[in-house]
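Okay, structure first, notes after.
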There are 2 protein chains.
Amino acid sequence: MNVTVPIKIEPLKVACSSCNLRELCLPVGLNSNDLDQLDELVATRRHVVRGDTLFRSGDVFQSIYAVRTGFFKTCVSSEDGRDQVTGFQMAGELLGLDGISTDRHSCDAVALEDSQVCVIPFEQLEELSREFTDLQRQFHKIMSREIVRDHGVMLLLGSMRAEERLAAFLLNLTQRLQARGFSAAALVLRMTREEIGSYLGLKLETVSRTFSKFQEEGLLEVKQRHLRILDQAGLQKLVNNTNC
Amino acid sequence: MNVTVPIKIEPLKVACSSCNLRELCLPVGLNSNDLDQLDELVATRRHVVRGDTLFRSGDVFQSIYAVRTGFFKTCVSSEDGRDQVTGFQMAGELLGLDGISTDRHSCDAVALEDSQVCVIPFEQLEELSREFTDLQRQFHKIMSREIVRDHGVMLLLGSMRAEERLAAFLLNLTQRLQARGFSAAALVLRMTREEIGSYLGLKLETVSRTFSKFQEEGLLEVKQRHLRILDQAGLQKLVNNTNC
DNA sequence: CGGAGGCTTGACGGCTGTCAAGGCTAGTGG
DNA sequence: CCACTAGCCTTGACAGCCGTCAAGCCTCCG
């Protein structure tokens, strides 16, 4: 292993305009002219090996990142060492929007498997979005979507019980995987029980117990990180019905 | 009472450039030229009486709003009627950013007292921000700040106990009031125990009990919605120390 | 093959939710 | 001006969900 080059940067091989994620990522809805411009902007890619951070809280903010392959978590920490996973990001999703506010990142982004991200220099993105209305609009939509997503997580954390939280989490995960062409039924979790628990405001034991309960009830098949959804409607019902 | 005009709209009397909130609101950091442009943009004001909504989930999104006077809450609801307060907004803070993502609002904004908001037509704001770099940057910072704030709420909801949540909430509130020139020691809550509870992921009884506990411990003086902070450091300690 | 990290499961306790009763306050109408 | 009422708040008793602690198992990888 070559430890002298911890961060591997390479010229981009796949342009946005021909990227198979373009319908999920920043380029959504852009015309071919805008896309050509975006290709110019997104010139580098960065590899992050499993366990490494893409950025840390406190790092100077310069770029946002689009996940090209792999899987990330973002987490915030309070001064006293409390830790909260704020999201899991998969291919086509953006990382680093938190950094715009103070020019420094306010959370850590950690790769949960070997990953590649497209580096989008923020100042140039702003410049380009002053020129291209559609790009501007798309970027604003993505930021707004993140806000809406966060509100959904607040709803989950503020008003759901453990089973409901885990069911909502699994449905969200499978839905996003499905949008990327994966099966909605079988999946491999990239994160530990503890990370799921942190995201859902639960302890890892509760996550584990709830998985077991779902299995007993025939909703899931659980084998460590390998899951099979047996009864999607049953999970959905858990999320929708408060109690009955 | 004239019920034929439920929404009162009037020409803006105070321009952004001379608004006493300009250091807290969208105009932060703009030069006088940008400010003049912003004055053109923000041409109307809207009154919302206590209990009325500024917008509702599902409403078509056209404008964002800056609170000029008064106090709002925003809340999301799930299909099954679950309800979650996602924030409280006071003078100088923006409302409606959630609507950008789908061109429809995804939460309700309710006035908790008679309020006025400045109406900022979003399409025109985007247009203007294509022209003025500082305005663009400022708007992006505000959206990003909302994301960072949401992450803080997730941390609170995901990892804090009732006392810690309420202490954090009170400190946040007093800090924002102080930034607006109010005393950091005495305040009047604009929201009910139930709304506080919803925001903090607690039941109203727990909020009430925790208030009483803080009072017994000499941290607060509580008389219904009238609060006096007696020991700010003590509250801060509650937030910082997990247990001891 | 051995160890470390991750996962499962049990026992138990405490925090917070639930249900209920009663008090307070502000706003309304007589 | 004052009584009334509705909404809000407080407090108690009790229960249950989930956290804590502990022990042991599994799996992956060196």
Side-chain angles (χ1 to χ4, degrees), chain A residues 1 49-51 73 82-85 110 112-114 156-167 169 188-217 220-227 238 241-244, chain B residues 1 49-51 73 82-85 110 112-114 156-170 188-217 220-227 238 241-244:
Chain A
M1 182 169 55
V49 305
R50 179 174 162 187
K73 70 169 178 181
R82 242 188 286 255
D83 213 64
Q84 172 77 22
V85 172
V110 182
L112 296 183
E113 58 183 353
D114 293 356
L156 180 149
L157 290 172
S159 72
M160 292 186 178
R161 290 176 311 104
E163 288 179 36
E164 299 165 345
R165 294 184 197 188
L166 190 61
F169 170 72
V188 180
L189 298 174
R190 300 304 177 185
M191 68 294 276
T192 66
R193 301 290 190 260
E194 187 169 17
E195 285 160 341
I196 296 172
S198 172
Y199 182 60
L200 299 178
L202 302 169
K203 292 293 159 183
L204 70 94
E205 293 93 334
T206 303
V207 174
S208 179
R209 263 187 262 273
T210 308
F211 269 131
S212 299
K213 180 151 188 242
F214 284 176
Q215 182 158 240
E216 282 166 30
E217 291 169 349
L220 288 183
E221 196 179 292
V222 184
K223 223 180 268 175
Q224 303 288 119
R225 298 198 181 180
H226 294 259
L227 300 187
L238 264 179
N241 296 355
T242 304
N243 222 345
C244 44
Chain B
M1 184 169 55
V49 305
R50 179 175 162 185
K73 71 169 177 181
R82 242 187 285 254
D83 212 66
Q84 172 78 22
V85 172
V110 181
L112 296 183
E113 58 183 355
D114 293 355
L156 180 148
L157 290 172
S159 73
M160 292 188 179
R161 291 175 311 104
E163 288 180 35
E164 299 164 345
R165 293 185 198 189
L166 190 61
F169 170 71
L170 291 173
V188 179
L189 298 174
R190 300 303 177 187
M191 68 294 278
T192 66
R193 301 290 192 259
E194 187 169 19
E195 286 161 340
I196 296 173
S198 173
Y199 182 60
L200 299 178
L202 302 170
K203 292 293 159 187
L204 70 92
E205 294 93 333
T206 304
V207 174
S208 179
R209 264 187 261 273
T210 309
F211 269 131
S212 299
K213 181 153 189 240
F214 284 176
Q215 183 159 239
E216 281 166 29
E217 291 170 348
L220 289 184
E221 197 178 290
V222 184
K223 223 180 269 174
Q224 304 288 119
R225 298 197 182 181
H226 293 260
L227 300 188
L238 264 179
N241 295 356
T242 304
N243 220 347
C244 45

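Protein chains get the first letters and strands the later ones, always in sequence-line order, with residue 1 at the start of each.
- Under 4.0 angstrom from either OP1 or OP2 of D/dC9 there lies at least one side-chain N or O belonging to B/Arg225.
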What verdict does the side-chain contact (heavy atoms from CB on, under 4.5 Å) test give for B/Val207 and B/Phe169, after you've listed the backbone C-alpha separation in whole Å, the side-chain angles of each residue and the deciding distance to 0.1 Å?
CA-CA 11 Å; B/Val207 174; B/Phe169 170 71; over 6 Å; no
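- Phosphate contact (OP1/OP2 of D/dC18, side-chain N/O of A/Thr206, threshold under 4.0 Å): absent.
- Contact annotation: the side chain of B/Glu163 approaches that of B/Phe214 to within less than 4.5 Å [non-hydrogen atoms, C-beta and beyond].
- Base contact: B/Ser208 has a heavy atom under 4.0 Å from a base atom.
- Of the possible polar contacts, none joining the A/Arg190 side chain to the A/Leu112 backbone as a donor-acceptor pair under 3.5 Å is found.
- A 4.5 Å side-chain heavy-atom check between B/Val110 and B/Glu195 finds every atom pair outside the cut-off.
- Ion pair A/Glu164/A/Arg161 flagged as a salt bridge, since at least one NZ, NE, NH1 or NH2 atom sits closer than 4.0 Å to an Asp/Glu carboxylate oxygen.
- Contact check of residues 189-203 of chain B against DNA chain C (heavy atom, cut-off under 4.0 Å) returns B/Gly201, B/Leu202, B/Lys203.
- The base of C/dG14 has none of its N or O atoms less than 3.5 Å from a complementary donor or acceptor on the side chain of B/Arg161.
- Look at CD on B/Gln224: it is 10 Å from C1' on C/dA26, rounded to the nearest Å.
- Rounded to whole angstrom, the span from the CD atom of A/Glu221 across to the C1' atom of C/dC7 amounts to 17 Å.
- The side chain of B/Leu204 sits closest to D/dT10 out of D/dT11, C/dG10, D/dT10.
- Between A/Leu227 and A/Leu189, some side-chain heavy-atom pair lies under the 4.5 Å cut-off.
- A donor N or O paired with an acceptor N or O is found under 3.5 Å between the base of D/dC21 and the side-chain atoms of A/Glu205.
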